[in-house]
Participant: 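Quick one: the structure is below, questions incoming.
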Amino acid sequence: PALREMQLLGDVQKSLARGELAITDPAALREVVRMQPGMTIRGRVAGTTPNELGEAPFLVLEATDGRVLLIPQTPAMEEQRGEGGLRRGHVVTLREHESARAGRSVRWTEFQEHGRLRDLVRTRELATVLDLEVLERARAGAGPEEPEPARGFARAWARALAGRRLRLAEAGLLVRAGPEGERGGGTAWVALPQAASRIALQAKQRERSALSFQEVETLSGKRLEQASPSAGRHQGMLVAHAHDDQGQRFAVLEFGSRLTAIPNQRRDLEIGSRVEARLERAPREAGGEPQLSWQLTDREREREHGRGR
């Protein structure tokens with residue numbers, strides 16, 4: 001395994017020499033990381049590099065702690081990239097989940113796309129991944145502030161956190177821990193209860209990331225129900241994209257006091273659009289049984305398309 005990883009790290013060096021990777025600190029420690037359930041990775045996408053051993057290519061991330069991480073690409077990552085996600089230069093968070101379905105274990109990856117660091121720094125609203133990380137560190141009982149990294153993305157990230165830390169303190173969401181946290185010249189901080197969970201929700205809203213069913217109910221104050229096949233048709237305003245505990249995607253429609261989750265793979269539907277969902281028979285495959293699936297239509301876009309003819 002050690003020899004194999006040395007070969008993989010050599011692939012990264014070749015890609016860097018060819019200008020295929022946007023790594024801001026060429027001297028950073030490089031590490032092969034395989035996503036495991038419960039793991040969260042946050043960093044800046046440097047690009048992808050082929051695996052000359054004939055295995056899956058790698059997604060290369062500059063982590064917020066200064067390491068360069070080589071993550072074997074999964075089908076879910078490839079799909080995310082195919083839909084315009086995991087873009088080079090953008091900050092992302094990857095979370096690996098595991099749950100049970102029909103008696104067997106199901107693993108899936110949650111992606112959060114945060115955008116470019118410079119745009120996060122300029123965001124006036126305290127609803128960014130920067131604010132969330134400051135609060136998460138304080139909630140985890142992190143000690144006094146550490147010296148910032150010497151170079152690259154990790155240095156820019158540390159400086160951005162310092163700036164947001166002061167703003168969170170001004171907003172009353174973060175307080176100094178007191179004299180006992182000031183040993184060694186640093187300052188320890190304490191986050192207000194529920195501040196991190198609140199900022200996490202607001203950040204997801206701002207980024208229009210997929211929410212869990214519980215998060216949808218928390219934000220709306222309404223009960224969320226999955227679409228019943230017996231109804232056959234639902235319509236309403238699209239208020240959120242969501243996922244269940246197994247990672248299946250849903251569109252959340254609001255009609256009056258009701259929220260309905262419709263299975264949905266489309267990502268082009270915009271929040272706030274008027275959507276109609278119909279249960280229709282999918283084309284039958286050779287020798288297979290006919291399948292029913294939900295088909296979602298943006299009514300406003302459809303009318304505009306009709307007027308343009």
Side-chain angles (χ1 to χ4, degrees), residues 24-25 28-29 33 38-46 61-69 86-87 89-96 110-212 214-215 218-219:
T24 58
D25 181 8
L29 175 67
V33 175
M39 182 181 290
T40 297
I41 293 177
R42 182 173 292 147
R44 172 184 174 275
V45 178
L61 288 186
E62 290 188 294
T64 57
D65 62 7
R67 294 175 298 160
V68 172
L69 305 181
L86 300 178
R87 297 172 61 183
H90 284 215
V91 178
V92 300
T93 299
L94 312 181
R95 290 188 180 87
E96 191 71 7
E110 178 184 359
F111 302 95
Q112 279 187 259
E113 308 273 352
H114 308 299
R116 294 187 180 275
L117 178 56
R118 64 170 180 260
D119 296 326
L120 293 171
V121 170
R122 294 169 182 165
T123 302
R124 298 181 61 84
E125 185 182 2
L126 293 176
T128 73
V129 66
L130 292 169
D131 307 305
L132 177 60
E133 181 153 325
V134 169
L135 294 170
E136 285 176 338
R137 291 187 181 191
R139 187 176 60 179
E145 301 163 28
E146 300 177 358
E148 67 181 33
R151 61 180 68 85
F153 167 72
R155 182 183 186 184
W157 183 261
R159 289 182 171 180
L161 291 182
R164 303 302 281 200
R165 188 177 292 116
L166 294 176
R167 292 192 56 196
L168 288 165
E170 291 172 357
L173 298 175
L174 199 65
V175 296
R176 295 183 186 274
E180 70 278 4
E182 297 174 2
R183 303 188 192 101
T187 302
W189 297 85
V190 175
L192 263 60
Q194 308 303 319
S197 57
R198 193 176 86 198
I199 293 293
L201 272 179
Q202 291 173 345
K204 280 190 172 183
Q205 274 190 302
R206 189 185 64 81
E207 298 164 353
R208 299 196 169 182
S209 298
L211 307 172
S212 68
Q214 182 177 354
E215 288 171 336
T218 298
L219 286 170

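Atoms considered below: every heavy atom in the structure, side chains included; atoms not considered: hydrogens, waters and symmetry mates. As the structure is a prediction and not an experimental result, all values here were calculated from the model.
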Participant: Consider side chain to side chain donor-acceptor pair (under 3.5 Å). Of Asp65, Thr64, Thr93, which one does Arg42 pass it with?
Facilitator: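 Result: among Asp65, Thr64, Thr93, Thr93 is the only option passing the side chain to side chain donor-acceptor pair (under 3.5 Å) with Arg42.
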Participant: Is there side-chain contact between Leu173 and Asp131, with at least one heavy-atom pair below 4.5 Å?
Facilitator: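 A side-chain contact under 4.5 Å is absent here.
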Participant: Is the side chain of Glu113 donor-acceptor paired with the backbone N or O of Ser209 at a distance under 3.5 Å, no angle test?
Facilitator: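 No, the answer is negative, given that no donor and acceptor are paired below the 3.5 Å cut-off.
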Participant: Can you find a heavy atom in the side chain of Leu168 that is under 4.5 Å from one in the side chain of Trp189?
Facilitator: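 No, too far: nothing below the 4.5 Å cut-off.
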Participant: Any heavy-atom pair between the side chains of Leu29 and Val68 that's under 4.5 Å?
Facilitator: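 Not touching, per the 4.5 Å side-chain cut-off.
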Participant: Hey, what do you get for CG (Leu86) to CG (Leu94), rounding to the nearest 0.5 Å?
Facilitator: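 Between Leu86 CG and Leu94 CG, I get 6.5 Å after rounding to 0.5 Å.
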Participant: Measure the CG-CD distance between Leu120 and Glu133 for me, rounded to the nearest 0.5 Å.
Facilitator: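 So the gap between those two atoms works out to 11.5 Å.
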Participant: Ignoring hydrogens, what is the shortest heavy-atom contact between Leu117 and Ala160? Give both atom names and the distance.
Facilitator: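 That would be CD1-CB, 4.1 Å.
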Participant: Which distance, rounded to the nearest 0.5 Å, do you find between the CD of Glu215 and the CD of Gln205?
Facilitator: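 Result: 10.0 Å between the selected atoms.
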Participant: Going by the side chain to side chain contact (heavy atoms under 4.5 Å, CB included) test, name the single residue among Arg198, Glu170, Arg167, Gln202 that passes it with Leu126.
Facilitator: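 For Leu126, the side chain to side chain contact (heavy atoms under 4.5 Å, CB included) check succeeds only for Arg167.
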Participant: Can you tell me how far CD of Gln214 sits from CG of Leu219, rounded to the nearest 0.5 angstrom?
Facilitator: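 Leu219 CG to Gln214 CD: 10.5 Å, rounded to 0.5 Å.
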Participant: Taking atom CD of Gln194 as the centre, report whether more than 12 heavy atoms of other residues, nucleotides or ligands fall under 6.0 Å from it.
Facilitator: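 Count not over threshold, so no.
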Participant: Measuring from atom CG of Leu135 to atom CG of Leu130, what distance do you get when rounded to the nearest 0.5 angstrom?
Facilitator: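 It is 11.0 Å, given to the nearest 0.5 Å.
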Participant: Could you pull out the closest heavy-atom pair between Ala154 and Ala63, with the gap in Å?
Facilitator: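 Minimum heavy-atom separation between Ala154 and Ala63: CB-O, 4.5 Å.
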Participant: Check Glu62 against Ala46 and note the closest heavy-atom contact, atom names and distance.
Facilitator: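 Taking Glu62 first and Ala46 second, the nearest heavy atoms are CG-CB, 4.5 Å.
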Participant: With respect to Thr128, which candidate in Arg206, Glu207, Arg122 satisfies the side chain to side chain contact (heavy atoms under 4.5 Å, CB included) definition?
Facilitator: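 Result: among Arg206, Glu207, Arg122, Arg206 is the only option passing the side chain to side chain contact (heavy atoms under 4.5 Å, CB included) with Thr128.
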